[in-house]
Amino acid sequence: MSPLPAPDSIEDLEIDLLLEGLFQRYHYDFRHYARASIKRRLVQAREQMGYATLSALQDAMLHDPGMLPRLLGYLTVQVSEMFRDPSYFRALRETVLPHLRTYPSLKVWVAGCSHGEEVYSLAILFREEGLYDRTLFYATDINPEALRIAEAGVYPLDRVRTFTENHQKSGGRSSLSDYYTADYGRAVFDKSLRSRIVFSDHSLVTDAVSSPRCS
Ligand SMILES: C[S@@+](CC[C@H](N)C(=O)[O-])C[C@H]1O[C@@H](n2cnc3c(N)ncnc32)[C@H](O)[C@@H]1O
């Protein structure tokens, strides 16, 4: 008889089973994500949600769809900033947009838009460069809670200081404060920035690529 598996490999087996269950039950496919990162996140979810084993977490996941948003919160990384990596936005502004200006209409897809910081940055950049009105922005993610926050376009005011510095470093031609209203510790971004953004649920792993239409 072969020896029993070590506890570590039991945990690996539980991860495989949980990810398979998540896919078959809810069509969220994390089976081929970087293993070490997924393992760390699942162990954190198990500990913080109070389950003794990943099998117990899987049992709850399969029988209670209500806990899915919380689990997705652990499995997806929501790190973002407006004008994150200002040199990238500066290169877009100085090198890419002059070329895009030669096209009569444009489509921009932010795949994995998180809470919307990146797509609002692009909307501001395109507005500053006079390209906003001919562009349709498509902002997609698999995390419904992230999409809800993205559509709202409201961020804690204490994050806006970094957003403002990034915007200036990216060569911003206006003041970021032109695009939001401060309200009880929150920055509420201008609705007009959203008029050409389509937010929708889309998985880069399981969904086909489609083209959004202008409203
Ligand atoms: C680190 S955030 C990136 C945010 C933004 N694009 C940026 O660069 O600042 C990664 C986002 O990808 C999303 N994501 C993860 N797997 C995905 C998938 N299969 N399809 C679409 N989005 C996914 C996560 O929910 C998360 O919102």
Side-chain angles (χ1 to χ4, degrees), residues 15-16 18-42 44-45 61 65 67-93 96 107-126 135-156 158-172 176 179-180 187 189 193-194 196-212:
I15 292 171
D16 288 340
L18 190 152
L19 295 181
E20 189 61 34
L22 182 58
F23 175 60
Q24 294 210 13
R25 172 92 163 89
Y26 301 107
H27 297 284
Y28 284 105
D29 192 355
F30 292 90
R31 293 174 300 175
H32 305 293
Y33 279 43
R35 185 69 177 196
S37 160
I38 282 290
K39 184 171 183 170
R40 195 172 57 248
R41 289 166 185 286
L42 281 175
Q44 191 185 32
M61 173 197 81
M67 65 98 81
L68 191 60
R70 218 172 142 209
L71 184 59
L72 282 179
Y74 285 102
L75 288 173
T76 59
V77 183
Q78 302 302 327
V79 178
S80 190
E81 265 173 20
M82 285 186 87
F83 296 92
R84 179 156 83 141
D85 189 356
S87 62
Y88 160 80
F89 282 92
R90 185 178 277 277
L92 272 183
R93 188 189 298 276
V96 180
K107 287 178 178 173
V108 173
W109 180 15
V110 179
C113 68
S114 187
H115 295 166
E117 296 90 336
E118 187 181 6
V119 74
Y120 287 116
S121 306
L122 289 167
I124 291 168
L125 172 65
F126 276 55
T135 307
L136 185 67
F137 299 87
Y138 194 35
T140 61
D141 206 285
I142 50 167
N143 186 320
E145 177 59 9
L147 279 170
R148 192 191 61 72
I149 294 170
E151 274 202 83
V154 178
Y155 302 97
D158 56 16
R159 295 188 66 202
V160 173
R161 189 168 164 188
T162 310
F163 295 175
T164 303
E165 284 169 11
N166 289 350
H167 174 238
Q168 287 308 308
K169 285 185 199 155
S170 79
L176 194 67
Y179 302 98
Y180 69 84
F189 275 80
L193 285 176
R194 289 200 277 290
R196 300 195 61 79
I197 305 177
V198 177
F199 291 95
S200 76
D201 179 86
H202 179 277
S203 169
L204 290 165
V205 180
T206 53
D207 294 333
V209 175
S210 62
S211 183

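Ligands are counted one by one from 1 in listed order, and the atoms in each one are counted from 1 as well. In what follows, residues are counted from 1 in the order of the sequence shown.
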Quick one: look up the protein heavy atom nearest [atom] and list residue, atom name and how far away it is.
atom	answer
atom 8 (O) of ligand 1	Arg84 NH2, 3.0 Å
atom 12 (O) of ligand 1	Gly112 CA, 3.6 Å
atom 25 (O) of ligand 1	Asp141 OD1, 2.6 Å
atom 9 (O) of ligand 1	Ser80 OG, 2.5 Å
atom 10 (C) of ligand 1	Val77 O, 3.3 Å
atom 16 (N) of ligand 1	Tyr33 OH, 2.6 Å
atom 21 (C) of ligand 1	His202 O, 3.4 Å
atom 23 (C) of ligand 1	Ile142 CG1, 3.6 Å

Does [X] use its side chain to pair, donor to acceptor, with the backbone of [Y] at less than 3.5 Å?
X	Y	answer
Arg84	Glu118	no
Asn166	Met82	yes
His115	Val154	no

Report yes if some N/O of [X] lies less than 3.5 Å from some N/O of ligand 1; otherwise report no.
X	value
Glu118	yes
Leu204	yes
Ala111	no

- Task: Please confirm whether Phe126 and Phe137 have ring centers closer than 6.0 angstrom.
- Result: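 Yes; Phe137 has its ring centre under 6.0 Å from that of Phe126.
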### Message
Between Asp141 and Arg148, does any NZ, NE, NH1 or NH2 come within less than 4.0 Å of an OD or OE carboxylate oxygen?
### Response
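Salt bridge between Arg148 and Asp141, a charged N being under 4.0 Å from a carboxylate O: no.
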Check your understanding: So, Arg31 and Glu20, do they make that salt bridge, N to O below 4.0 Å?
Key ->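 Answer for the salt bridge query: yes.
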**OP:** To the nearest 0.5 angstrom, please state how far the CZ atom of Phe189 sits from the OH atom of Tyr179.
**Re:**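 If I round to the nearest 0.5 Å, the distance is 10.5 Å.
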Give the atom numbers and elements of ligand 1 that come within less than 4.0 Å of a heavy atom of [X].
X	value
Val205	19 (N)
Thr76	24 (C), 25 (O)
Gln78	24 (C), 25 (O), 26 (C), 27 (O)
Ser203	19 (N), 20 (N)

Q | Thr76 side chain to Gln78 side chain, donor-acceptor N/O pair below 3.5 angstrom | A |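 Looking only at side-chain atoms, Gln78 and Thr76 do form a donor-acceptor pair, the distance falling under 3.5 Å.
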**Request:** Starting from the C-alpha separation in whole Å, work towards a yes-or-no answer on side chain to side chain contact (heavy atoms under 4.5 Å, CB included) for Ile124 and Phe83.
**Result:** CA-CA 10 Å; Ile124 291 168; Phe83 296 92; 4.0 Å; yes
_Restricting to non-hydrogen atoms, name the atom on Tyr155 and the atom on Gly116 that form the minimum distance, rounded to 0.1 Å._
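Minimum heavy-atom separation between Tyr155 and Gly116: OH-C, 3.4 Å.
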